[in-house]
Amino acid sequence: MNCPKCGNEIEEGSLYCTVCGEDIHIVPDFESEVEQSMQDTLDHIAEELQDSQKADTPEKKQKSKKSIMGWVSGIFFLVIIVLAGVIVGAIYHMEHSVEYQMARAAECVGKQDYQQAVNYYIRAQELGNTDQEVGFALADCYYAMDNVGGYENQLLTMIDGGQLNQNQLERAYAQLIQSYRARNDYQTIDSLLNSCDNEVIRSTYQNLQAKAPEFGFEEGYYQEILPLKLSSNTAGSIYYTMDGSEPDENSLVYTAPIFLDNGEYTIKAVFVNQYGLVSDVVTKRYQIEIQIPIAPDVTTASGEYSSPTMIKINCEEEDMIYYTMDGTTPTDESTRYTGPIPMPLGDSIYSFAIIEEDGIVGEVTQRTYSLRLNTDITVDIAMITVYNEMLRTGRILGYDGYAGENGIYQYQFQYPLTVGEDDYYIFAELHVDEAGSSIRTGSYYAVHVYNCVCYKLLIDEYGSYSIAEIL
């Protein structure tokens, strides 16, 4: 059969021309009842003609012949008109009945004549059938014919049509994604889900997507160190660069926050999921200008000292100042300054810095000191004096610090200190247990730098010092 418009040969059973799109109206087979009715009418007319010929005399035959022929002609034409009406009505009914198209489609599916079923389903939709299950049935026919393109296009048409309820929408996406996965077309799946605005479906198939990495901070200007975090929606790897170049699988792999301090940065990141899908590249620019805390104001100047001296800093109460005694830059794990520090004997190098809560280390103030007392009484002599006094009072039983059931006491030199108007060597008392661990008991002793007399050092709640005789 050829198209009446363009002449192209039409495939048997097709309802339209694939070249020009002209609708092809196929006259379906008449119903068996209509055919039988036509045959019965013609048989009845033939019988009446035969009976009339037998009953008439030769004279009458000639007269009635014309009458009969006229009557027969009228009856014949009347029958033709009636039959034509019946035929036209039947054709119109079949051509415009959704129920008929659906019944014939189901019949063709039962016979596995899927191409003819496709034609009937399409005609049913053209007649206004809005039941979305017809669309699924049509897709199933394409699938049964191994027409992957038709199957996927039909499902896409249904999705784009916006007429599916939630369950039908999930069903359409499930069938379509399954078809794509069967041929490992994950890139098309990614594009499909990126264009989907249904959060339930996007969440269901998020492991099949390659969404661009998310940055923990918006790009811009900051006055603090940024611990920049990158994240992805599912399993895979994030690759990034910090020099403005395009990231790929040979770039740095993100595993921990990227700390951005002073400077300008262009961070580019891309996500590659477990199926090899590559996301869009995200670019963020950051400018970091950290306000460095000023160096602490250490009022005790560097120099040589001959008497006990306290190292003092002029600072605000909220300042967190840390210091070291070996010249290294302080960290938040160094000793924190909480008040004046007794200067140690000999040579020392102190470094002080304000460290803010976010870990920013300020400028460093460094001081060098040399403390030597003008006395012949050394620290070792003063320590012997402490042990002698403890033996005298029964605090210990020997120079090894043994104290019977009380374990062992030891005495450790701390620093020289001026109390009142006199200078002393200060010793802390430690208790040592059986395992060898020591802990301060809270008792302190002061030995006069110049006369070597031992006293008890007292410290009140305000941090003020005083001395008392040992009884």
Worksheet item: Will you find, in the side chains of Ser370 and Arg372, an N or O donor that is under 3.5 Å from an N or O acceptor?
Response: yes
Worksheet item: Can a salt bridge be assigned to the pair Lys456 and Glu389 using a cut-off of 4.0 Å between side-chain N and carboxylate O?
Response: no
Fill in: Donor-acceptor contact below 3.5 Å, side chain Thr299 vs main chain Lys312
yes
Fill in: Where at least one partner belongs to residues 280-302, residue pairs that pass ring-ring contact (aromatic ring centres under 6.0 Å, His included), sequence neighbours excluded
none
Practice prompt. Name all pairs fulfilling the ring-ring contact (aromatic ring centres under 6.0 Å, His included) condition that reach into residues 308-330, sequence neighbours left out, sorted by first residue then second.
Written response: Tyr323-Tyr350, Tyr323-Phe352
Discussion item. Using a 3.5 Å distance criterion without hydrogens, assess whether the side chain of Thr365 forms a donor-acceptor pair with backbone atoms of Glu363.
Written reply: no
Worksheet item: So do the side chains of Leu260 and Phe217 get within less than 4.5 Å of each other, counting heavy atoms only?
Response: no
Worksheet item: When rounded to the nearest 0.5 angstrom, what is the spacing between CD1 in Ile311 and OH in Tyr305?
Response: 8.5 Å
Worksheet item: Are side-chain N/O atoms of Ser245 and Asp243 paired as donor and acceptor at under 3.5 Å?
Response: yes
Worksheet item: Judged by modelled atom types alone, do Gln206 and Thr234 share a side-chain donor-acceptor pair under 3.5 Å?
Response: no
Item to complete: Return yes if some donor-acceptor pair links the side-chain N/O of Gln168 with the main-chain N/O of Asn165 below 3.5 Å, else return no.
Response: yes
Worksheet item: Within a strict 4.5 Å, meaning less than it, do heavy atoms of the Ile201 and Leu193 side chains meet?
Response: yes
Worksheet item: Taking Asp190 for the side chain and Tyr186 for the main chain, is one N or O donor matched with an acceptor at less than 3.5 Å?
Response: no
Worksheet entry | Spacing of NE2 belonging to His431 relative to CD belonging to Gln410, to within rounding of 0.5 Å | 10.5 Å
Worksheet item: Which pair of heavy atoms, one from Tyr180 and one from Ile189, lies closest together, and at what distance?
Response: CB-CG1, 3.5 Å
Practice prompt. First locate atom CD1 of Ile426, then atom CG of Leu457, and finally report the distance between them rounded to the nearest 0.5 Å.
Written response: 4.5 Å
Discussion item. Could you check whether Lys229 pairs with Glu214 (Lys NZ or Arg NE/NH1/NH2 to Asp/Glu carboxylate O, under 4.0 Å)?
Written reply: no
Item to complete: Verify, without hydrogens or angle tests, whether Arg104 (side chain) and Tyr120 (backbone) share a donor-acceptor contact under 3.5 angstrom.
Response: no
Practice prompt. Taking atom types as modelled, find out whether Gln287 and Glu289 have a side-chain donor-acceptor pair closer than 3.5 angstrom.
Written response: yes
Worksheet item: Taking Ser179 for the side chain and Gln175 for the main chain, is one N or O donor matched with an acceptor at less than 3.5 Å?
Response: no
Item to complete: Ignoring hydrogens and angles, tell me if any N or O in the side chain of Tyr254 forms a donor-acceptor pair with the backbone of Leu230 under 3.5 Å.
Response: yes
Worksheet item: Closest heavy-atom contact between Pro213 and Ser279?
Response: CD-OG, 3.6 Å
Worksheet item: For the side chain of Ser251 and the backbone of Asp248, is there at least one donor-acceptor N/O pair under 3.5 Å apart?
Response: yes
Worksheet item: Does Glu133 offer a backbone N or O that forms a donor-acceptor pair with the side chain of Asp131 under 3.5 Å?
Response: yes
Fill in: Main-chain N/O of Thr130 paired with Gln132 side-chain donor or acceptor, under 3.5 Å
yes
Fill in: Name of the residue among Tyr411, Tyr445, Tyr409, Tyr402 meeting ring-ring contact (aromatic ring centres under 6.0 Å, His included) with Tyr387
Tyr411
Worksheet, complete the sentence: Rounding to 0.5 Å, atoms CZ (Arg202) and CG (Leu192) come to a distance of 10.0 Å
Worksheet item: Just checking, is any N or O donor in the side chain of Tyr399 or Asn388 under 3.5 Å from an acceptor N or O on the other one?
Response: yes
